[in-house]
Number of protein chains: 2
Amino acid sequence: MAGKRTGPNLSKIAEALGVSSATVSNALSGKGRVSADLVKKIRKKAGEMGYVPSRAGRALRTGRSGVLGLVLPDIGNPLFPQIAQAMERAAATNDYGVLIADSRDDVTTQTDAIGRLIERGVDGLIVIPRRGTRIGTVGCPVAMIDTPSTPGNTVSADHWQAGEQIARHLMELGHKNILLLGNDPASNVQNDRIGGMKAAFKRDISCQTLWLQPLLRKGGTAASLNLSERISQGVSAIATVSDLLALRVLTELQTAGFQVPTQVSVTGFDDLIFSPVISPALTTVRMNMSQIANIAVAALIDEINGNRDPKPKTSLQKKRTVPDTVMADTSRVPMELIIRSSTGPAPFDQTPHSNGETL
Amino acid sequence: MAGKRTGPNLSKIAEALGVSSATVSNALSGKGRVSADLVKKIRKKAGEMGYVPSRAGRALRTGRSGVLGLVLPDIGNPLFPQIAQAMERAAATNDYGVLIADSRDDVTTQTDAIGRLIERGVDGLIVIPRRGTRIGTVGCPVAMIDTPSTPGNTVSADHWQAGEQIARHLMELGHKNILLLGNDPASNVQNDRIGGMKAAFKRDISCQTLWLQPLLRKGGTAASLNLSERISQGVSAIATVSDLLALRVLTELQTAGFQVPTQVSVTGFDDLIFSPVISPALTTVRMNMSQIANIAVAALIDEINGNRDPKPKTSLQKKRTVPDTVMADTSRVPMELIIRSSTGPAPFDQTPHSNGETL
DNA sequence: CTGAAAGCGCTTACAG
DNA sequence: CTGAAAGCGCTTACAG
């Protein structure tokens with residue numbers, strides 16, 4: 001049952017119309033080598049017969065699979081749903097399919113995952129790189145979704161600018177002593193976010209940056225952050241690098257008896273699924289995933305088509321001089337600040353001990 | 001650059017060895033029609049030459065794409081990462097790829113998504129159905145991931161039994177007045193979870209079930225649940241139907257000044273990404289996704305192979321009498337209770353007003 | 001504007 | 001055990 005074509009093929013249509021299958025092919029693909037009348041007639045017939053082109057046949061002939069591969073460092077990433085959804089839509093709009101592969105947060109597995117995709121003949125690759133990974137030349141165009149500061153060819157949200165937005169929002173609320181909280185100091189994205197925040201702070205803002213993961217690695221717990229103490233020392237806002245981290249902080253503060261945002265404001269990044277529904281809802285910043293996906297997919301398709309070898313039938317392919325991963329342009333897409341109730345005015349009796357590192 | 005095979009093909013190997021490509025094919029596929037010596041020699045040569053079979057060629061010839069389609073009602077579903085990851089692994093292990101399609105929580109789009117996948121020639125479909133949807137015959141085997149109570153052919157976690165586990169856990173902690181909180185009363189999964197909990201409660205347990213979504217639809221807010229009031233009336237545990245709902249309740253309670261679990265216990269379902277890291281961490285129940293994925297993929301592959309038409313070359317396919325979606329068996333996989341700090345002993349001074357519906 | 005022919009790479013009866 | 005041949009469905013130079 002599986003497999004074995006059920007519907008008609010090109011020759012069936014050609015037969016039914018008394019024309020050649022070449023003509024049917026040309027008519028259907030709209031390359032314009034067929035008279036308008038014939039095109040219309042063929043299209044009509046194809047519709048009536050319920051013709052569905054065979055991807056396999058086309059793929060074998062053209063050497064293109066019509067499929068893009070999506071590689072994720074860790075599919076468990078809470079942003080993955082948004083990414084996958086956006087990519088699938090962008091691809092489908094361009095008549096491409098999306099094959100997935102996850103790499104379990106492991107460089108070796110990432111290589112495997114890419115290999116599996118390449119073997120399946122994907123025409124291009126979208127990769128959200130594991131931090132620190134450089135994708136070598138893989139034999140097909142690659143678009144990376146990361147940060148503009150990643151060396152290579154990327155489309156991404158403008159994490160830096162988003163950091164600035166968060167920072168300005170907090171400053172406008174009157175916060176002067178702010179704790180910046182990151183998770184992984186090796187992450188480009190997180191560094192950009194923190195960098196943007198720092199850059200936007202004025203001279204009179206006191207801020208300190210903490211990274212959670214190294215602390216945890218050294219056997220510490222989240223408690224080692226001493227949040228309560230810091231707040232009593234004057235911190236009135238905690239700006240984290242992700243909603244997950246913000247949620248962690250928020251619930252910890254609440255458990256410790258603090259009121260958010262009355263006593264402390266908390267911000268996140270990414271607008272994850274839970275962010276709008278928790279109490280208080282998270283002030284955060286959202287990326288326009290579909291825009292990013294559209295750019296990435298468009299860049300890929302451009303390259304798939306544009307860089308085609310001028311003499312496709314020559315047995316010796318001209319050695320490409322441009323690396324496969326070069327995208328037309330490194331694009332950065334602005335993020336959108338979403339103000340919700342986890343941020344509020346700085347408490348009035350704020351005592352700026354200014355014991356943090358000052359910018 | 002994209003497309004156009006780069007490596008050697010079967011004939012190249014055949015040529016290099018002075019044998020026929022048929023023999024190379026047979027040797028490589030291990031169908032056993034070739035002498036052991038030759039097989040070894042061919043395999044070696046193929047390895048040396050870096051031979052990678054062309055999926056397109058194979059697909060065209062066999063009518064099989066080697067790809068499974070994964071359809072999700074809403075890719076935004078927080079469980080999606082786990083599902084996708086598990087499916088991809090299970091498929092990859094069996095040398096299948098996974099093509100994704102989301103259906104934006106919309107029945108029409110679900111049909112479109114399935115259509116797109118079918119057009120791409122997937123050999124089988126894994127669908128997490130939108131609630132209430134029945135997938136018609138689509139021309140390829142379908143495995144549904146839902147609950148055993150869904151009419152049709154499903155693999156799933158045993159949500160009912162998981163509900164029982166949660167209920168027993170709460171009873172063991174001494175809770176006697178429990179609020180059951182669902183989101184969507186039309187969801188089979190949620191009804192199973194609630195049903196399981198109710199079934200496990202003993203006579204002396206007072207419990208009431210509330211559904212959030214209908215409330216919200218009627219313009220109510222989460223506040224309409226009157227959680228504080230219910231707690232003061234004796235509710236000592238709130239058992240929700242998902243971690244997302246549990247998180248919502250938890251943060252709301254915390255905001256209202258309640259201590260969890262000292263004053264109220266809260267439970268969820270699914271062990272979402274945030275569940276272990278919030279404070280208090282969520283007691284929940286986890287499904288073994290990879291097991292579910294393995295069963296689904298195995299069932300699909302079985303059907304793809306097993307139900308093959310006995311005479312593949314006959315132009316007239318024998319009409320199948322068995323619907324395509326029948327799976328070998330409806331399987332249910334047990335879920336695992338994960339006890340964390342959001343549940344604790346019932347408060348001592350519990351005053352069971354028993355104003356709820358009693359089982 | 002239209003058609004005949006070749007060929008993408010593979011697998012599978014079939015014959016030897 | 002091995003090979004010659006056909007054919008899956010498509011597209012693309014090429015010739016007319």
Side-chain angles (χ1 to χ4, degrees), chain A residues 2-15 17-42 46 49 51-66 119-121 308-315 317, chain B residues 2-15 17-42 46 49 51-66 119-121 308-315 317:
Chain A
K4 290 307 160 210
R5 191 177 186 74
T6 56
N9 57 19
L10 276 189
S11 334
K12 228 58 129 278
I13 300 177
E15 216 172 277
L17 252 30
V19 296
S20 78
S21 60
T23 297
V24 177
S25 173
N26 282 323
L28 258 23
S29 65
K31 293 256 168 56
R33 298 189 249 258
V34 187
S35 69
D37 288 9
L38 232 194
V39 168
K40 200 183 293 178
K41 203 157 54 165
I42 289 174
M49 298 176 73
Y51 170 69
V52 177
S54 154
R55 305 271 176 178
R58 184 178 296 169
L60 183 55
R61 173 63 226 231
T62 62
R64 305 267 195 75
S65 62
E119 256 191 61
R120 288 217 124 68
R308 220 175 335 173
D309 203 307
K311 294 173 180 173
K313 283 302 185 184
T314 311
S315 66
Q317 303 279 117
Chain B
K4 290 305 159 210
R5 191 175 187 76
T6 56
N9 57 19
L10 276 190
S11 333
K12 228 58 129 276
I13 300 177
E15 215 172 277
L17 252 32
V19 298
S20 78
S21 60
T23 297
V24 176
S25 172
N26 282 322
L28 258 25
S29 65
K31 292 255 167 58
R33 301 188 248 259
V34 186
S35 68
D37 288 8
L38 232 194
V39 167
K40 201 182 294 176
K41 202 156 52 161
I42 289 175
M49 298 177 72
Y51 171 70
V52 177
S54 153
R55 305 271 176 178
R58 184 179 295 169
L60 183 55
R61 173 63 226 229
T62 63
R64 305 265 195 76
S65 61
E119 256 191 60
R120 289 215 124 67
R308 220 175 337 171
D309 204 309
K311 295 176 184 168
K313 282 303 185 184
T314 311
S315 68
Q317 303 280 114

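Note that these values count all heavy atoms, side chains included, but never hydrogens, waters or copies made by symmetry. Proteins get letters first, then strands, A, B, ... in listed order; numbering begins at 1 in each.
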Taking [X] for the side chain and [Y] for the main chain, is one N or O donor matched with an acceptor at less than 3.5 Å?
{"X": "A:Thr23", "Y": "A:Val19", "answer": "no"}
{"X": "B:Ser25", "Y": "B:Ser21", "answer": "no"}
{"X": "A:Arg55", "Y": "B:Ala56", "answer": "no"}

Given atom [atom1] of [X] and atom [atom2] of [N], what is their separation to the nearest angstrom?
{"X": "B:Leu60", "N": "C:dG9", "atom1": "CG", "atom2": "C1'", "answer": "9 Å"}
{"X": "B:Asn26", "N": "C:dT11", "atom1": "CG", "atom2": "C1'", "answer": "8 Å"}
{"X": "A:Glu119", "N": "C:dG9", "atom1": "CD", "atom2": "P", "answer": "16 Å"}
{"X": "A:Ile42", "N": "C:dC1", "atom1": "CD1", "atom2": "P", "answer": "13 Å"}
{"X": "A:Ile13", "N": "D:dT11", "atom1": "CD1", "atom2": "P", "answer": "11 Å"}
{"X": "B:Asn9", "N": "C:dG9", "atom1": "CG", "atom2": "C1'", "answer": "6 Å"}
{"X": "B:Lys12", "N": "C:dC8", "atom1": "NZ", "atom2": "P", "answer": "9 Å"}
{"X": "A:Arg55", "N": "D:dG9", "atom1": "CZ", "atom2": "P", "answer": "16 Å"}

Minimum side-chain heavy-atom gap A:Asp37-A:Lys40 below 4.5 Å: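 No. Closest side-chain heavy atoms not under 4.5 Å.
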Close side-chain approach of B:Ser65 and B:Arg120, heavy atoms under 4.5 Å: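 Of all side-chain heavy-atom pairs linking B:Arg120 with B:Ser65, none is under 4.5 Å.
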Look at the side-chain N and O atoms of [X] and state whether any lies under 4.0 Å from the OP1 or OP2 oxygen of [N].
{"X": "A:Arg58", "N": "D:dT11", "value": "yes"}
{"X": "B:Ser35", "N": "D:dT2", "value": "yes"}
{"X": "B:Ser54", "N": "C:dC10", "value": "no"}

From the options [options], select the nucleotide whose nearest atom is closest to the side chain of [X].
{"X": "B:Pro53", "options": "C:dG3, C:dC10, C:dA6", "result": "C:dC10"}
{"X": "B:Leu10", "options": "C:dT12, C:dC10, D:dC10", "result": "C:dC10"}
{"X": "B:Arg61", "options": "C:dT11, C:dT2, D:dC10", "result": "C:dT11"}
{"X": "A:Val34", "options": "D:dC10, C:dT2, C:dC10", "result": "C:dT2"}
{"X": "A:Ala22", "options": "C:dA5, D:dC10, D:dC8", "result": "C:dA5"}

A:Gly57 or B:Ala36: which one's nearest nucleotide on DNA chain D is closer to the 5' end? B:Ala36
Is B:Ser25 touching bases, backbone alone, or none of the nucleic acid, heavy atoms closer than 4.0 Å?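 Answer is base: heavy atoms of B:Ser25 come under 4.0 Å of a base.
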Assigned partner base of D:dT2, Watson-Crick or wobble definition, under 3.5 Å: C:dA15
